[in-house]
Structures are given as structure tokens and as C-alpha cells.
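Reading through the C-alpha cells given below for one structure.
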There are 2 protein chains.
Amino acid sequence: MSYANDMPTVEKVARSDAGLAAELRLSVMRLRRRLAGERHPDNELSINQMGVLGVLARRGALTVGELAVAERVQPPSMTRTVNCLEESGDVVKRPHETDRRQIVVELSEQGRGRVLADRDRRDAWLAQRLRELSPDERAVLRQAAPILDKLALKD
Amino acid sequence: MSYANDMPTVEKVARSDAGLAAELRLSVMRLRRRLAGERHPDNELSINQMGVLGVLARRGALTVGELAVAERVQPPSMTRTVNCLEESGDVVKRPHETDRRQIVVELSEQGRGRVLADRDRRDAWLAQRLRELSPDERAVLRQAAPILDKLALKD
DNA sequence: GTAACTCATTACCCTTGCTAACTATTCCGG
DNA sequence: CCGGAATAGTTAGCAAGGGTAATGAGTTAC
């Protein structure tokens with residue numbers, strides 16, 4: 001430990017409930033920034049676009065509005081993302097069966113292939129870093145992921 | 001549960017190491033997006049700017065380059081953020097004692113006041129949501145925060 | 001049947017990240 | 001000491017990706 005004992009550290013500050021919010025926020029901000037820069041070079045899709053494909057792979061065809069809720073963005077933002085994905089041929093749009101206001105988005109064959117191919121070498125950077133953690137640390141993150149998600153989707 | 005049992009969920013997918021990277025990435029992306037939108041209304045500073053003030057409050061005066069490393073951004077990005085904070089009067093810049101290439105950034109009185117004031121109702125949204133979690137869940141996050149940080153700062 | 005509402009989209013703007021190029025300063029080999 | 005390499009910060013310019021407001025099309029309720 002190279003600095004004084006009264007210097008606050010992430011671990012110490014996060015022990016108080018007041019500090020936990022602040023630390024968690026900083027950690028999430030930094031890790032996200034890092035992740036956004038670490039897309040693998042052979043994948044021309046952004047991290048956001050891959051996120052949408054992942055949701056579609058997990059939950060099946062969804063409307064634009066449902067995707068917007070799932071990814072915590074406003075509808076116009078999701079419209080744009082979906083349009084990009086349609087242009088690249090990874091999703092297809094079709095009208096809703098009964099409500100013609102809505103647009104149903106689903107993975108194309110290419111999009112499904114991309115998700116599967118990505119799954120193999122998925123998150124190369126993050127997966128490698130996870131491998132460098134201890135099993136205990138991985139276990140903590142495994143528990144933390146759904147909790148973070150719950151926080152993001154609250155309200 | 002409205003969908004079939006073989007439909008993957010966050011919890012299930014994250015049990016495999018391959019899936020953990022993907023789930024953690026999605027969760028972090030969503031939560032960060034959510035946090036960025038949840039700044040309190042009486043604080044005109046962005047979440048990034050508050051993050052820099054927080055680092056300065058914790059670690060004392062730092063150079064622009066050190067701040068860039070701490071926040072995982074490139075130097076030009078930090079230059080801009082620091083300039084904004086200087087303009088709003090929350091930090092002051094002064095030359096480095098011995099190396100006149102470097103610029104030392106430190107909290108102004110106003111900036112320190114803002115950090116303290118913010119600490120009271122800090123992270124209002126996130127802190128409230130944390131309070132709604134179970135003690136066990138909070139404990140998981142308390143352990144997870146430094147690990148996320150370690151991931152973000154690796155390499 | 002019309003008024004109010006909902007879903008998606010369009011148009012536009014802002015923030016925030018990046019890289020490349022430039023300046024100023026320091027370090028180092030001769 | 002001097003000239004080139006390295007380092008710190010900045011400037012300029014660009015792109016991604018959010019947001020809000022306004023619009024259009026379709027649905028629902030009265």
C-alpha cells in the first residue's frame with residue numbers, strides 16, 4: 001500500500017451505504033467506457049448494436065418500443081439502432097399482426113449467425129480479464145450482474 | 001413467468017463463464033445509461049464532471065494525464081472536461097512545481113463544496129434503489145464495485 | 001364518428017468519446 | 001552545450017449515440 005492509511009480507497013468508501021452508490025456509479029462508468037472501446041476488430045457492429053442483437057436472441061422478436069424499454073433508451077434512439085441493424089442485414093422488420101402501429105423486429109439468419117459466431121469469441125477482452133480474476137471474484141460478479149440489471153430496469 | 005422454461009434468462013446465462021462476460025457487459029451498459037440520465041435536477045454538472053470532482057476529492061490534486069488514466073479516457077477528453085470544470089469554477093489549474101509541461105488540477109473551494117453538498121443527497125436515484133435491495137444484494141454489490149474497477153483499470 | 005391516446009418516426013441538437021496534428025518542455029547522447 | 005527523441009497538454013475535426021419536440025398513422029373510448 002503506497003499511500004497513507006487515511007486516504008480513502010474504493011474498498012473502504014464502499015463499505016458505507018452512502019459511499020456504495022458513488023463507488024458503484026464510478027466503477028460502472030469506467031468499465032462501460034472501457035468496454036465500448038474494446039470491441040473485437042473483426043466485428044463492425046458497435047457494442048450497442050450487439051446488445052440489441054443479444055436481447056433479440058434471448059427473448060425473440062420484439063417491438064421497437066419493447067426493445068427501447070429493454071435497453072433503457074428512448075424510442076427514437078432505438079429506431080435509429082434498429083435501422084442500422086436492418087441496413088446491415090442483421091434484423092428484419094415486419095408489421096405487428098394485429099396492431100399496425102407497431103413494428104416487430106426479429107433476428108435475420110445473418111443476425112442469428114452473428115450472435116452465434118460472436119458467442120464463441122464473445123467479449124474477448126472482458127472474458128480474458130474475467131479469467132484472470134479469482135474464482136471468488138467471478139462468483140461475486142456472477143451474482144452482481146442480475147442485481148445491476150435489476151437496478152437499471154427499476155421504476 | 002410468461003415465457004417458456006428453456007428461454008434463457010440473465011441468471012441462467014451468467015452461470016457459465018462464457019455467458020458471464022456478455023451478461024456483465026449488458027448490465028453495465030444499461031445501468032450506466034440509466035445513471036447518466038438520472039442526475040439530480042439542481043446539479044448542472046454532468047455525471048462525468050461529477051466523477052472527476054469525486055476523484056479529485058478522494059485523491060487530491062492530480063495532473064490532467066493522471067485524471068485521464070483514472071477515468072479511462074484519452075488526454076484530450078480530459079482536457080475538455082477539466083476546462084468545463086474550470087469555467088464553472090469547480091477546479092483550478094496551476095503549473096506543476098518542477099515540470100512545466102504538466103498542469104495540476106485541484107478542487108476549488110466551490111468544487112469541494114459541491115462534492116460535499118452532493119455527498120448528502122449523493123446519487124439520490126441510485127442510493128434509493130440500493131435501499132430497496134436486500135442486505136445480501138447490497139453486500140454483493142459492495143464486493144463487486146472494486147472488482148469492476150479492477151477490470152476497468154486492467155492492462 | 002370524433003377525440004384522445006399510443007407507437008414509431010423524423011428532424012435537430014448536445015454530449016462525449018476518439019485520432020491526428022501541433023506546441024512546449026524535458027531528457028539524453030554525443 | 002546542443003540537437004533529436006520523448007512526454008504533457010492542447011487544438012481541431014469527426015463520429016457515435018444519447019435526448020426532446022413535433023409529426024403521422026393507427027387504435028381506443030365515449
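Each chain gets a letter, A, B and so on, in the order the sequences are listed, and its residues count up from 1.
- Evaluation of the side chain to side chain donor-acceptor pair (under 3.5 Å) rule for A:Arg80 yields no partner, not counting sequence neighbours.
- Here D:dG17 is the nucleotide among D:dG17, D:dT10, C:dA8 with the atom lying nearest to any side-chain atom of A:Ser46.
- Close to C:dC7, at under 4.0 Å from its OP1 or OP2, lies no side-chain N or O of A:Thr63.
- DNA chain D lies under 4.0 Å from at least one heavy atom of each of the following residues of residues 73-93 of chain B: B:Pro75, B:Pro76, B:Thr79, B:Lys93.
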Tabulate atom names and distances for all N/O pairs under 3.5 angstrom spanning the protein and nucleotides 25-28 of chain D.
residue: D:dG26; atom: N2; partner: A:Arg101; partner atom: NH1; Å: 3.3
residue: D:dT27; atom: OP1; partner: A:Thr98; partner atom: O; Å: 3.3
residue: D:dT27; atom: OP1; partner: A:Arg100; partner atom: N; Å: 3.0

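- Judged by distance alone, with hydrogens and angles left aside, the side-chain atoms of B:Thr63 form no donor-acceptor pair with the main-chain N or O of B:Val104 at under 3.5 Å.
- A salt bridge does not link B:Arg59 to B:Glu66: none of the charged nitrogens lies less than 4.0 Å from a carboxylate oxygen.
- Contact of the B:Ile47 side chain with the B:Met50 side chain is not registered, since no non-hydrogen atoms from C-beta on lie closer than 4.5 Å.
- Atom P of nucleotide D:dT7 and atom CD of B:Gln102 are separated by 12 Å, given to the nearest angstrom.
- In this entry the distance linking CG of B:Leu35 with P of D:dG18 reads 14 Å, nearest Å.
- No chain of hydrophobic side-chain contacts below 4.5 Å, direct or via other Ile, Leu, Val, Met, Phe, Trp or Tyr residues, connects A:Val28 to B:Leu26.
- In this structure, CE of A:Met29 is placed 7 Å from P of C:dG17, rounded to the nearest angstrom.
- As rounded to whole Å, 12 Å separates atom P of C:dT26 from atom CD1 of B:Ile103.
- Between the side chain of A:Arg138 and the backbone N or O of A:Leu130 there is at least one donor-acceptor pair closer than 3.5 Å.
- Using a distance-only test at 3.5 Å, with no hydrogens or angles considered, a donor-acceptor pair links the side chain of B:Arg33 to the main chain of A:Glu71.
- Looking at B:Ser88 and B:Asp90, their side chains do bring a donor and an acceptor atom within 3.5 Å of each other.
- Along DNA chain C, the nucleotide nearest to B:Arg32 and the one nearest to A:Glu66 differ in position, and the one closer to the 5' end is contacted by A:Glu66.
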